[in-house]
Protein chains: 2
Amino acid sequence: MVKKAQSSARREESLSRESIVEASIALLDAKGESGLTFRALADRLNTGPGAIYWHVANKADLLTAACDAMIARAMNAAQEGATPREIIRNVALGMFDTIDEHPWVGSALNRAPGQLPMVRILERLGQQVSSLGVAKDAQWQATSALLSYILGVSGQNAANAQIGREQNYDRETFLQTVAASWLQLDASEYPFARSVAAQLSVHDDRADFLAGIDLILRGIEAQQAD
Amino acid sequence: MVKKAQSSARREESLSRESIVEASIALLDAKGESGLTFRALADRLNTGPGAIYWHVANKADLLTAACDAMIARAMNAAQEGATPREIIRNVALGMFDTIDEHPWVGSALNRAPGQLPMVRILERLGQQVSSLGVAKDAQWQATSALLSYILGVSGQNAANAQIGREQNYDRETFLQTVAASWLQLDASEYPFARSVAAQLSVHDDRADFLAGIDLILRGIEAQQAD
DNA sequence: ACCTGAACACCGTTCAAGT
DNA sequence: ACCTGAACACCGTTCAAGT
């Protein structure tokens with residue numbers, strides 16, 4: 001736990017985009033979204049904040065690069081599956097698990113529309129939607145529906161984790177707090193919210209997520225049957 | 001266009017949570033997400049930044065309150081529809097249009113999981129999913145699938161608008177930039193992204209959004225037929 | 001070509017002091 | 001009870017100066 005014992009020591013290796021991205025990921029994993037600052041990063045890399053700008057355009061660029069490294073790994077790991085349908089489910093679950101472990105990926109992803117991280121996911125999904133036999137002119141809509149759904153869940157999981165970190169809540173405590181607040185809503189105005197409040201803290205996020213994917217896949221199949 | 005002509009003038013009305021939220025919405029609409037600061041808000045309200053904290057817990061609270069006001073309006077406007085299916089589509093379109101006009105609502109919404117703004121949407125959707133005849137134990141999954149999809153699209157639209165504002169791009173220019181970057185991807189690795197790049201700048205976001213809702217609704221119906 | 005680190009122009013939030 | 005505004009502890013980013 002020695003702090004900066006060698007603060008003025010020279011780095012052994014020179015800075016590079018990769019080493020900066022790697023250090024950013026470590027920082028984000030350890031301290032969450034707010035943990036990534038140019039000063040903290042410079043400390044960890046034994047350099048000054050200005051040096052980082054030689055290799056990286058700005059913070060958004062850095063965050064997207066860190067996110068992309070994570071997505072690339074997740075997409076490579078989620079290759080297998082016997083049918084297009086199974087591969088789509090595996091890609092989706094790969095995303096879910098990545099964001100479960102690294103919540104910051106969820107918000108970084110949502111803040112970089114059209115960028116490489118998102119295109120990686122779009123590509124995997126699109127190829128399988130195509131293999132599913134969806135008509136050429138319906139492939140975009142089917143694929144972007146899947147992608148939007150995945151991004152939606154990712155964003156929420158990221159936000160949940162963020163709040164949990166800020167308030168030192170675990171998942172359980174957070175959901176119980178939410179459930180309690182739903183139960184205090186007006187009974188005639190919010191019957192549905194109140195009726196599902198109870199299952200909120202016991203439900204399985206991952207299973208629910210997959211159920212949503214299945215719903216969209218069924219919709220795609222039903223459309224093909226027309 | 002007189003600026004601060006009366007900067008030291010007393011406010012005519014005293015501060016209130018409502019007036020603060022109202023001023024926040026005006027600021028967010030005019031200057032985007034980054035336009036909402038306690039200093040800018042204090043200026044507009046002829047007060048100091050500290051005064052705002054008497055009525056509002058912190059910035060997250062303020063943003064959620066502003067978001068909630070917008071969602072409440074949208075949900076009240078999207079009441080009509082002959083069938084549950086039509087009401088669901090109208091609720092979804094109401095959200096789409098709200099975020100199209102006020103992009104900051106999309107990101108505020110995504111950052112406040114379990115909070116009132118989201119519950120308002122969940123409730124509307126849930127009531128209609130229930131009316132659709134979905135079995136009791138499948139209602140939560142169907143409703144949250146719809147909600148997650150809506151949140152996903154909302155988040156992307158918000159991010160698109162945010163980038164557009166930062167770079168002074170209009171929608172068209174932004175999408176053309178994205179399409180151009182997709183066309184530069186490796187042809188064997190990214191066949192799908194390249195094949196859809198062309199339609200990217202001419203596609204109709206709103207129609208695509210609705211197509212996704214329809215896909216999920218079909219999935220729900222298919223599940224009921226089991 | 002790459003790095004340094006002080007400086008700039010901001011933030012959200014707090015809090016003693018006022019009314 | 002409510003407001004004031006200076007002060008605190010941060011940010012991302014820039015840039016003259018170094019090597």
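For the pair A:W54 and C:dC2, the criterion of a side-chain N or O lying under 4.0 Å from OP1 or OP2 is met.
Which of D:dC11, C:dC3, C:dT13 sits closest to the side chain of A:R39 comes down to D:dC11. Closest to the side chain of A:L15, out of D:dG12, D:dC3, C:dC3, is C:dC3. For B:T37, counting side-chain heavy atoms from C-beta on, the closest listed nucleotide (C:dC11, C:dC3, D:dC3) is C:dC11. The side chain of A:P49 has C:dG5 as its nearest neighbour among C:dC8, C:dG5, C:dT13.
The partner of D:dA17, taking Watson-Crick or G-U wobble pairs whose two distances both stay under 3.5 Å, does not exist in any strand shown. When both pairing distances are held under 3.5 Å, C:dG12 makes a Watson-Crick or G-U pair with D:dC8.
Using a 4.0 Å heavy-atom cutoff across all strands shown, B:L62 reaches no nucleic acid atom at all.
Between A:D97 and A:R206, at least one side-chain nitrogen of the basic residue sits less than 4.0 Å from a carboxylate oxygen of the acidic one, meeting the salt-bridge criterion. Salt bridge B:R165/B:D170: absent, no basic N to carboxylate O contact under 4.0 Å.
The CD-P distance, from A:E33 to D:dG12, rounds to 13 Å in whole Å. As rounded to whole Å, 14 Å separates atom C1' of D:dA7 from atom OH of B:Y53. For the pair B:I52 CD1 and D:dC2 C1', the computed distance is 13 Å after rounding to whole Å.
Under the 3.5 Å distance criterion, with hydrogens and angles disregarded, no donor-acceptor pair is assigned to the side chains of A:S107 and A:Q162.
Summarising the geometry of B:L63 relative to B:A108, their closest heavy-atom pair is CG-CB, 3.8 Å, with the distance given to 0.1 Å.
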